[in-house]
Every structure is written in structure tokens, then in C-alpha cells.
Amino acid sequence: MAGKLAQPTMLVNVPRLITAYYSNLPDTSVPGQRVAFGTSGHRGCAFENSFNEWHVLAISQAICQYRKQQGIDGPLFLGIDTHALSVPAFASALEVLAANGVEVMLADKDEYTPTPVISHAILTYNRGRDKGLADGIVITPSHNPPDNGGFKYNPPNGGPAGNDVTGWIEAKANAFLESGLQGVKRISFEQARCAATTHRHDFLNAYVSDLGSVLDMDAIRGANISMGVDPLGGAGVHYWGPIAERYGLNLTVVNEAVDPTFRFMTVDWDGQIRMDPSSSYAMQRLIDLKDRFDIAFACDTDHDRHGIVTRSAGLLSPNHYLSVAIFYLFQHRPKWRKDAAVGKTVVSSQMIDRVTAKLGRRLCEVPVGFKWFVDGLLDGSLGFGGEESAGATFTRLDGSVWTTDKDGIVPALLSAEITARMGRDPGEIYRELAREFGEPVYDRVEAPATAQQKHMLAQLSPQQVLSAELAGEKIHSILTQAPGNGAAIGGLKVVAESGWFAARPSGTEDIYKIYAESFRGEDHLRRILAEAQTIVAAALAASPQQPGTASGTNLKEGP
């Protein structure tokens, strides 16, 4: 079924899902039912007791206490996406926020609100202030399946909360769960909606009217290129029409449907409905339309990830588009700081390294998680931050901060700016880069691992890697800390002359993930992947913490 339209039997039963949200109670003795903030908030499924009303009530109260402790007393911008669990979770959160006297800003007309729009609102409000600062909450599980729910907190810096913040909130929330919600303040939803502290905010127009400060909208309009966009039924569905109207763009929204079952989606690689704009299976509908437009693009459910579809190459790999975007931006943003660096995660393509070196810019390589880009984006020392999972943002035309969270809308529109100003689409430009720097092949796979093995992997040292070679080449670096900021990568990266791999444990599943890339072709990549698992297994076996090896010999391909 991969790449084919979802069948009725695959669709989530929304009434049952909502019932499970309100009626099922988490068991805190089960790790999977506790509050757990991963790289981007707490996520789970109501059917599995990992995202229920109690979770949202507990997290919301924990955030209220965190705000009080930190002296954060400005407005809290609250947004939701189009997942079925987002509306009931919104109600639960507002009941707690209002009971705690938090000034909450809700979208006009109960509009859905993309993640980057919340970040933009926080930063816009806080500009020039040193007290009464704003923060925000986005209720979204990102691109995950329709039965999932999610909850993210963005502090006053506008970006994803750091580990110190999420660790504090997570511990407090779990303590509330363990006590049966003792200490959680709450009023009725109707009281909360009508509270003097609950306000309305025009998120849509505030964001849309500011896009000209980060993109060359005149160039896009002047070239009159035809654009297609598929919001994938997500939170930005009603943003694209106003963007086209305000800036006079030749832009067509190919699907305006909002349906919590996401029945209009084509099925992803593993049979799941997943609104992932980097997946060729999930993007099949827009790929089929590619010849209708000069450039087409899509965003995931909370619109913090992008997918770019070109006439020349179809759906671009996120790594390919990040390379093109960096190559273009640092040559067409003359007001950016001359020392503004390129930010990438340790599992992103080495093509970015080569492009960055060609541009004469500094590379800032950080662990997985967009939170590591926040400080650099805030002060302008990073011009661009991006990750291989199709999340990116960049600074305004004048080099000042735009958002400190991933923004799917702006990189999507950037593909139109690139096409308009370069006379070639990003797929054609990537081919030119590959001719100059080499043609890399990239993949990500998964392997089983117990909870103990995952912990061991996150704690490995370079000395525990016993191999001297990777796929026939001498290993020249073994990293457990990111070169850009010295932070632990929560795993291992092994680099040779023309290939590398990184292994890190999953935050939510009993697996570890191996990312790999080769500049010598597919066969070399397969050899790197096979040897990567052997190297990781041997390192785990040599760990003083626990004898044993990583389980499983069959690599399961990921998206």
C-alpha cells in the first residue's frame, strides 16, 4: 500500500480515540505511559495510554509552575494542529492555564496555528523587552499518525525548550501523575474560554504580513512562476491563500481538506498514514502533479517541516534541498553577518560541509534536535539552521532572527525564490553541486536494542570503538560530542574519507538508528551500514557497564 491512497480500514476511529483520551488513565509504573519529552515535546497515543487527558493536565500545571519559578509572566501563545487529539488537549491545557491565571493568547476564529507562527509570535512580542516576557505551547505530534497527540513548550527564546527545561517539566508532570493530579489547578472549559486572562490574537496576519522581511517576495512575484502547495491537511491550510493574495503570487493550493482521519493521504513506507513531506510515499499525490507547476512544496501537520517537489528531480531529499538552500542563501543575503555560520545536525549530509567550505563559512555541527540552533539564530551568529529530517529556518534579510523553531513555510517559499532568481529549480542546482563536490548516497536504518543497550550506546566513548577502518578506509574521527558546541550527541559518529555513519538510540522505541552516507556509491553505502552495526555491537560488548551485544542482525530500512 505504500504510496497508494489510504483505505477505509486504515482510518482511525475518531470517536473511540477521543473517548480513550478522556477515559483511559496512565499507569506511571509503565515507562511508556509516563510523560517523556523527546527531541520535540511529549508525544503518544490515547489508545496506548501515552497521551491522555491526565498527561496534558499534568504537563500544563508543570509549565505553570516553571513559569512562576522563572518569573515568566507575559502572555503564553497557544497553538494547535489538525490532529484529532489536539482539540481536546487544547481544552485541557486551557482549563489549567486559566486556573493558574496565565494570560493566554488564542488564535482568532479558533484557527489552527503552525509551530513557526508560535515562535514568530513569541519573538515579535519579546523584541526589545527584558521583563514580562512571552512563551508558548504548540499542541501537535508533528507528522506522526492520526491517532497520535503531542505537546511542545517554547520558552521566551521562541525555540524548542532545552534539556534542562524539559527535564524539570517532565519530572514535575510525572510527580503530578503519581499523586493522582494533586496540586493541579483546573476550571471548566467554558470558564477558561471566558476568563479575563484569555485573549484572541491574529496569528495569521501577523505572520503573513512579515514574510517580506525574510524572503524576496518581489522576485517570486516578478518571475510569475507557477507554484503548487499541499498543506497535507495541516495547521497551515488556511495560510497559503492569504500568502498568495497578499504578495500577488501564482500559487495553487492543491488540497484544502482538513480531516482528522487524514483519509486523503497516500500511505507511507510502513503502512502508516504519516504526513511526512520528506517521504516519497506520503508525497505521492503532489509528485504526480509536478509537471503542472514550476515548483511545488508541502508541509507536515504543524508546518515545521518542508518537502520540495521539482520538475527536474521530483521530490528532493531533505539533505539535497538543505545543501541548495545554504548555497543560495549565503550568496543572496548581503546584509547577513560576514561571520554568520551554517548550522547542521551530526546526521545531516556531508555535502553541506563541502558547500559551506566553498562559501568560506564556518560550519556549526550540533546534536540532533533543533533546540541546539536557538542561541545562534537569536544572536545572528547562525544564518541558517537545518536538520536531515526536513526542518530548517534562517534569519531575516537583514540578518536578524526570524524564528528559532523549524519553519516549513519559509523554506518552502524559498524554493520559489531560488527558482525565480536562478532560472533553475533546486533539483537542477543540486545536480550542479553534485558534479562539483561528488554525488553522495544516504540512508537511515534501524536495529533492535534493549533499554539497557540504548543507555550504553548513549554513553559510549571513542576508545570503545575497536575497528580502525570503515568500509576499506581509515577512520579519521570518532565523535561522541558535536564539533559545533561540544554537546554530547547521545551516541556515536564514525567518519572516514568518503563515508560516515552515526548511531544513536531512539527516544521512544526499543531500537537504535544508524544514519550513513557515502560519496562512493550505493555498494559502499551498504558496506558502511553493515559494518556500522558490527562496530556498534562490538563497542557495546566492550562497554564496562554491561557485557553483551546489540541484538538483531537484520537492518530494517527507515523512511
Side-chain angles (χ1 to χ4, degrees), residues 1-11 82 142-146 220 223-241 243-244 249-303 305-322 324-325 389-390 408-409 411-416 418-420 424-431 442-443 557-559:
M1 288 302 301
K4 298 179 181 178
L5 198 64
Q7 297 298 298
T9 54
M10 298 176 175
L11 304 182
T82 54
S142 189
H143 62 288
N144 286 6
I220 302 173
N224 195 34
I225 61 172
S226 61
M227 294 167 277
V229 59
D230 189 343
L232 301 181
V237 64
H238 299 143
Y239 278 64
W240 295 103
I243 289 172
L249 306 183
N250 181 8
L251 179 121
T252 301
V253 182
V254 302
N255 176 34
E256 295 183 318
V258 174
D259 182 334
T261 67
F262 294 88
R263 66 181 69 241
F264 45 77
M265 288 296 299
T266 48
V267 179
D268 206 358
W269 64 280
D270 58 353
Q272 292 282 327
I273 297 173
R274 190 180 285 110
M275 289 60 69
D276 182 356
S278 67
S279 164
S280 61
Y281 303 111
M283 288 280 280
Q284 192 58 55
R285 183 178 55 209
L286 191 59
I287 293 170
D288 289 343
L289 298 174
K290 72 181 178 68
D291 293 329
R292 277 182 50 188
F293 306 104
D294 295 315
I295 192 76
F297 33 81
C299 293
D300 67 337
T301 326
D302 67 323
H303 270 49
R305 300 185 191 212
H306 60 269
I308 310 300
V309 177
T310 66
R311 278 184 176 176
S312 66
L315 178 66
L316 284 185
S317 151
N319 276 315
H320 293 188
Y321 182 60
L322 293 182
V324 172
S389 55
I409 297 171
L413 289 168
L414 179 69
S415 70
I418 292 170
T419 305
R424 308 185 299 286
D425 71 37
E428 294 171 296
I429 295 171
Y430 183 77
R431 279 206 299 269
Y442 180 99
D443 201 3
E557 291 203 14

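Just the heavy atoms: all of them, side chains too, but no hydrogens, waters or symmetry mates, feed the values below.
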Provide the full list of salt bridge (charged side-chain N to carboxylate O under 4.0 Å, His left out) pairs with a residue in residues 257-267, sequence neighbours left out, each pair given once.
D259-R263
List for me each residue that meets ring-ring contact (aromatic ring centres under 6.0 Å, His included) alongside F293, sequence neighbours excluded, and say none if there are none.
none
Sorted by chain and residue number, the salt bridge (Lys or Arg N to Asp or Glu O under 4.0 Å) partners of R431 (sequence neighbours excluded) come out as none
With sequence neighbours left out, the residues meeting salt bridge (Lys or Arg N to Asp or Glu O under 4.0 Å) with D270 are R274
Under the 3.5 angstrom rule, does the side chain of [X] hit a backbone N or O of [Y] as a donor-acceptor pair?
{"X": "Q284", "Y": "Y281", "value": "no"}
{"X": "Y430", "Y": "S317", "value": "no"}
{"X": "K290", "Y": "R311", "value": "yes"}
{"X": "D425", "Y": "I295", "value": "no"}
{"X": "Q7", "Y": "L5", "value": "yes"}

Atom [atom1] in [X], atom [atom2] in [Y]: separation rounded to 0.5 Å?
{"X": "I273", "Y": "T261", "atom1": "CD1", "atom2": "OG1", "value": "7.0 Å"}
{"X": "H143", "Y": "D302", "atom1": "NE2", "atom2": "CG", "value": "9.5 Å"}
{"X": "S279", "Y": "W269", "atom1": "OG", "atom2": "CH2", "value": "9.5 Å"}
{"X": "M265", "Y": "M10", "atom1": "CE", "atom2": "CE", "value": "12.5 Å"}
{"X": "L414", "Y": "T419", "atom1": "CG", "atom2": "OG1", "value": "9.0 Å"}

Kindly indicate whether the side chain of [X], heavy atoms from C-beta on, has any atom under 4.5 Å from the side chain of [Y].
{"X": "I308", "Y": "P411", "value": "no"}
{"X": "T301", "Y": "F262", "value": "yes"}
{"X": "P277", "Y": "M283", "value": "yes"}
{"X": "I418", "Y": "I429", "value": "yes"}
{"X": "F297", "Y": "L251", "value": "yes"}

Residues which pass side-chain hydrogen bond (donor to acceptor under 3.5 Å, both in side chains) with S142, listed by chain and number, not counting sequence neighbours
D300
What heavy-atom pair brings [X] and [Y] nearest, and what distance separates the two atoms?
{"X": "A6", "Y": "L11", "result": "CB-CD2, 4.3 Å"}
{"X": "I287", "Y": "S280", "result": "CD1-O, 3.6 Å"}
{"X": "G427", "Y": "L316", "result": "CA-CD2, 3.8 Å"}

Under 6.0 Å from the OH atom of Y442, do we count more than 12 heavy atoms belonging to anything else shown?
yes
Walk me through it: do S389 and R305 pass the test side-chain contact (heavy atoms from CB on, under 4.5 Å)?
CA-CA 8 Å; S389 55; R305 300 185 191 212; 3.4 Å; yes
Please report, to 0.1 Å, the donor-acceptor pairs under 3.5 Å made by any side chain of residues 225-241, with sequence neighbours excluded.
{"unit_1": "S226", "atom_1": "OG", "unit_2": "D294", "atom_2": "N", "d": "3.0"}
{"unit_1": "S226", "atom_1": "OG", "unit_2": "D294", "atom_2": "OD2", "d": "3.2"}
{"unit_1": "D230", "atom_1": "OD1", "unit_2": "L232", "atom_2": "N", "d": "2.8"}
{"unit_1": "D230", "atom_1": "OD1", "unit_2": "R285", "atom_2": "NH2", "d": "3.2"}
{"unit_1": "D230", "atom_1": "OD2", "unit_2": "R285", "atom_2": "NE", "d": "3.1"}
{"unit_1": "D230", "atom_1": "OD2", "unit_2": "R285", "atom_2": "NH2", "d": "2.5"}
{"unit_1": "H238", "atom_1": "ND1", "unit_2": "E111", "atom_2": "OE1", "d": "3.1"}
{"unit_1": "H238", "atom_1": "ND1", "unit_2": "E111", "atom_2": "OE2", "d": "2.9"}
{"unit_1": "W240", "atom_1": "NE1", "unit_2": "H303", "atom_2": "NE2", "d": "3.2"}

